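Here is how names work: the chains are called A, B, and so on, in the same order as the sequence lines, proteins then strands, and each is numbered from 1. Just so we're clear, the structure is a prediction, and the values are computed from it rather than from any experiment. Only this structure's heavy atoms are used, side chains among them; waters, hydrogens and symmetry mates stay out.
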Amino acid sequence: MPNNEAVLSVRDLSVYYGEFRAIKNISLSFQANKVTALIGPSGCGKSTLLRCLNRMNDLIPQAKVEGEVVYSQQDIYDPLVDPAQVRLHIGMVFQKPNPFPKSIFDNVAFGLKINGLTENIEDSVEKSLRSAALWDEVKDRLNESAMTLSGGQQQRLCIARTLAVEPEIILMDEPASALDPIGTLAIESLMRDLTERYTIVVVTHNMQQAARVSDETAFLMMDEDRAGYLVESGKTDNIFQNPQDERTEAYITGRFG
Amino acid sequence: MTDENFNKQYDLAPHSRGRRTKSVIFYLLLLTAIGVSFTGLLSLIIEIGREGLPWLSWHFLTEFPSRFTEKAGMKSAIMGTVWVISFTALIIIPVGIGAAFYLEEYAKKNLLSKIIEINISNLAGVPSIVYGLLGLSVFVYYMGLGRSVLAGALTLSLLVLPIVIVVSREAIRTVPESHKQAAYALGANRFQVVYKVILPQAIPGIMTGTILALSRAIGEAAPMIAISALVYLTFVPTNPLDRFSVMPIQIFNWISRPQDGFRGLAAAGIIVLLITLLAMNALAIYIRNRTQIRSEE
Amino acid sequence: MQNTNLVNDPVRFKLGKRRGSLQEKIVGSIFFLCASVSIITTVAIVGTLLLQSIPFFQEVGVWEFLGGDRWSPILKPRAYGVLPLVLGTSLVAFISLLVAVPIGLLLAIFLSEYSPKRLRSILKPMLEVLAGIPTVVYGYFALTFVTPQLQNIFPDLMVFNALSAGLVMGLMITPMVSSLSEDAMTAVPQSLRNAAYALGATRREVATKVVVPAATSGIVASCLLSFSRAIGETMLVTIAAGATPKMTLNPLESIQTMTAYIVQLALGETPHGSLEYNTIFAVGLLLFIFTLAINLAGHFLVQHWKESV
């Protein structure tokens, strides 16, 4: 059931790549069982921010993070926290579908196997594929290679793969941008269905998509030093119909971007 | 790669006779170079075939060497090669893969990894006889392994390890970054990413590299002579600490004998060696082609 | 919340213990050890060569070694001047470069500037075959085929001689000169060629006056690395060039190279630890220093041309 608590909060977050500051002092909250969209012009740090939410940014060698990302009353950047554990709770779907060159079943089962969650694995795989609206299309060919699926199906497979480890939050980095319009619609519809049980944060450069799909929206921009910062955030309807900041209005009405 | 069509257009421009003559002469020079190298290879193959084929027989493969050329065979050398190369493979596969993974997935880009990389490329240029001296000193005497199969295998491993490492690194690099990211995002730790995502995809390349390394090792005589110090052997090894000979050494032994028959024996031995190498390289090419067809990305 | 899965147990999450961190550390250390084998190897090579040749230098002295022109460590009267071996090595290597550099360079120019695709797919495998043939085979070829043929031209040619070995070694290292030079040439930007063609140059002129000069450091590097290979080559010279160290520049005579000497001793009965035994490490050390210096120069040049492209 929907509730209005913040399930994930970002407090005064700054991200540096070596000397370069990519994100400047962002504070933001993400509400449970809602879709929050991160929008803004290219290079303003949306993807960087997203990657911080499940410590995927750790994989970049010179990346350094200041500030806090709070989940379950704990800063996930606390040195005692295991990033791999964080990612079991906060999953990620990428821009270009990236299924492993394995069978459909093995793709979905991968996260379960490596984390030792192999009890009733076939049931878990089926459940995840159903939640990703892919089960009917693949139930007869689970042992076929994932590479035989279409682009849209592959992306739904990646979503099923993420759902298998039962995260609470799902991060999506422009999940439909590599897909055709039909695939895009399928993903957007899936996103809305998933909010029943999950919280979604999606980065998108497509404003119409943000308006269609999200409950909350955050608008980011780049300053003169190319550091990203938060301009405005709030309910999607308010942002799009009644923006508080004139820069927001300019972006939304297409005067730049 | 140069734009051939573009170049061809401009070659039609009219020039003075002197310039055109020079161009013709130069082109003939190029063809001569091709001719010389091709002739060299061809005469080598023909000569070896001519001398060696009459001596090839099943008997040749299964008999021990002998003073009498009619009775002589390559058995001890072939079995010795099998023993040494098997142990070499057992060593270079884990060590080479481990080193490649360390350099690609674990190491930070610091001075230490730079030194390791410079080392690997330097070692590739050290003469093979120096490896023989190293093996003699360290494995045969200092570690007390004696002039054994194991000492030979260890020496060859050090010699060809750079090949395995370089090729394995390339194979690891072909695995798309996106697959690694997906695995990390599912909560995998670094070893799981290495073992469950990268390794399965990199195996064909790693196998190709291993086969190339082993085919280089099979042809090495100099370091093996330093280790084994024997050229005439009439038994096969039964354990890794036994003495041994290998095919190139046997060939060398036969070449060194002035009597007529031995020349043919040497050539026959060369044919066996070359066929072995051909088979190994064909296997490597087959593996490479099969995986190129299968990869969909 | 929907999850009954242990994975989402908040208590377990809060503890934050790094799962499998011990396994991670062990695996990382094992992989590091594998990578450090290369450093250990280098240290072992240098250490072995130095340690084993020090007793020799203590008895014979560096100057007699480097400056003496007679090498006879086994037969009396003993002499320990290494120059004959160095000269023998250099003579054979020089002859091989005389063959390999022109042919290799011409092949490289052909492959890079002239060759149609079909011919390329024949030439490149041919070169790979030449490069992959074990050196005993080349030794056999030199001794049993090249030498008799040459004796028709040079009746004075000895059975073991530097010329046959040098010529065949030239054939052997041609692929190395060719492929490294070709890399350097294909890296030259097409825009340079276009500029020359636009000024009316012929293909020959573009190749010889634009591409080759632009690829000079890469070509020189290929020659250096091939020279190093020629110096370090063992079996070919052991079989075909002879076992008689001499101060001669006459390629028709038999000589002995540094590498062939080491093989000779390794096959002999010299007792471990004796002065004669240690000579192979002294010669080996000299060989290692030569090849290391040339290789470093070659790699430095390769870096240089890679950066300038």
Side-chain angles (χ1 to χ4, degrees), chain A residues 47 50-51 53-62 82-102 106-117 128 145-149 154-155 157-167 170-173 178, chain B residues 100-117 168-208 287-297:
Chain A
S47 289
L50 195 74
R51 294 168 63 88
L53 299 179
N54 69 347
R55 293 194 61 170
M56 282 300 279
N57 234 26
D58 288 12
L59 298 177
I60 299 176
Q62 306 105 326
D82 181 0
Q85 285 285 26
V86 173
R87 296 172 194 141
L88 287 179
H89 295 260
I90 307 178
M92 182 172 260
V93 174
F94 298 84
Q95 182 172 348
K96 197 164 165 292
N98 54 6
F100 302 124
K102 301 176 195 273
D106 285 336
N107 262 279
V108 182
F110 184 85
L112 297 168
K113 284 191 190 158
I114 58 170
N115 289 297
L117 305 164
S128 308
S145 163
M147 316 308 280
T148 59
L149 297 174
Q154 285 186 6
Q155 191 66 305
L157 178 64
C158 293
I159 294 177
R161 181 175 66 182
T162 307
L163 293 177
V165 297
E166 300 200 16
I170 304 174
L171 310 174
M172 300 192 176
D173 193 346
Chain B
F101 273 123
Y102 176 77
L103 289 169
E104 287 297 309
E105 296 296 318
Y106 282 78
K108 305 187 237 305
K109 295 275 176 273
N110 56 17
L111 187 60
L112 186 57
S113 5
K114 203 83 186 107
I115 291 181
I116 294 179
E117 286 177 347
S168 299
R169 285 185 76 179
E170 280 170 20
I172 293 171
R173 280 190 214 145
T174 62
V175 177
E177 185 68 25
S178 56
H179 290 168
K180 299 184 209 169
Q181 300 255 325
Y184 278 119
L186 290 165
N189 63 34
R190 189 151 27 186
F191 178 63
Q192 286 173 320
V193 174
V194 159
Y195 185 61
K196 298 213 162 220
V197 176
I198 304 180
L199 189 61
Q201 287 194 56
I203 285 227
I206 293 176
M207 275 170 56
T208 307
I287 294 176
R288 202 180 348 153
N289 286 344
R290 245 193 89 196
T291 52
Q292 266 174 4
I293 294 172
R294 268 213 274 117
S295 75
E296 272 104 348
E297 289 279 35

Separation of [Y] [atom2] from [X] [atom1] (nearest 0.5 Å):
X        : Y        : atom1 : atom2 : answer
A/Asp106 : B/Lys196 : CG    : NZ    : 9.5 Å
A/Phe94  : B/Glu177 : CZ    : CD    : 10.0 Å
A/Ile114 : B/Asn189 : CD1   : CG    : 7.5 Å

Heavy-atom side-chain proximity of A/Lys96 to B/Ser178 below 4.5 angstrom: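 Not in contact.
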
Side chains of A/Lys113 and B/Gln192 in contact at under 4.5 Å (non-hydrogen atoms):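 No, too far: nothing below the 4.5 Å cut-off.
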
Chain B contacts, top residue of A/Asn54, A/Asp58, A/Leu59, A/Val93 (heavy-atom pairs, under 4.5 Å):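 Heavy-atom pair counts peak at A/Leu59.
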
Where B/Ala188 and A/Ala84 come nearest, the two heavy atoms and their spacing: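 Smallest heavy-atom distance, with atoms named: O-CB, 4.4 Å.
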
Minimum heavy-atom distance between B/Gly187 and A/Asn115, given as atom pair plus value: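 Answer, listing the atom of B/Gly187 first, then A/Asn115: O-OD1, 3.7 Å.
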
Residue among A/Arg87, A/Arg161, A/Met92 satisfying side chain to side chain contact (heavy atoms under 4.5 Å, CB included) with B/Leu186: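 Of the listed residues A/Arg87, A/Arg161, A/Met92, the side chain to side chain contact (heavy atoms under 4.5 Å, CB included) partner of B/Leu186 is A/Arg161.
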
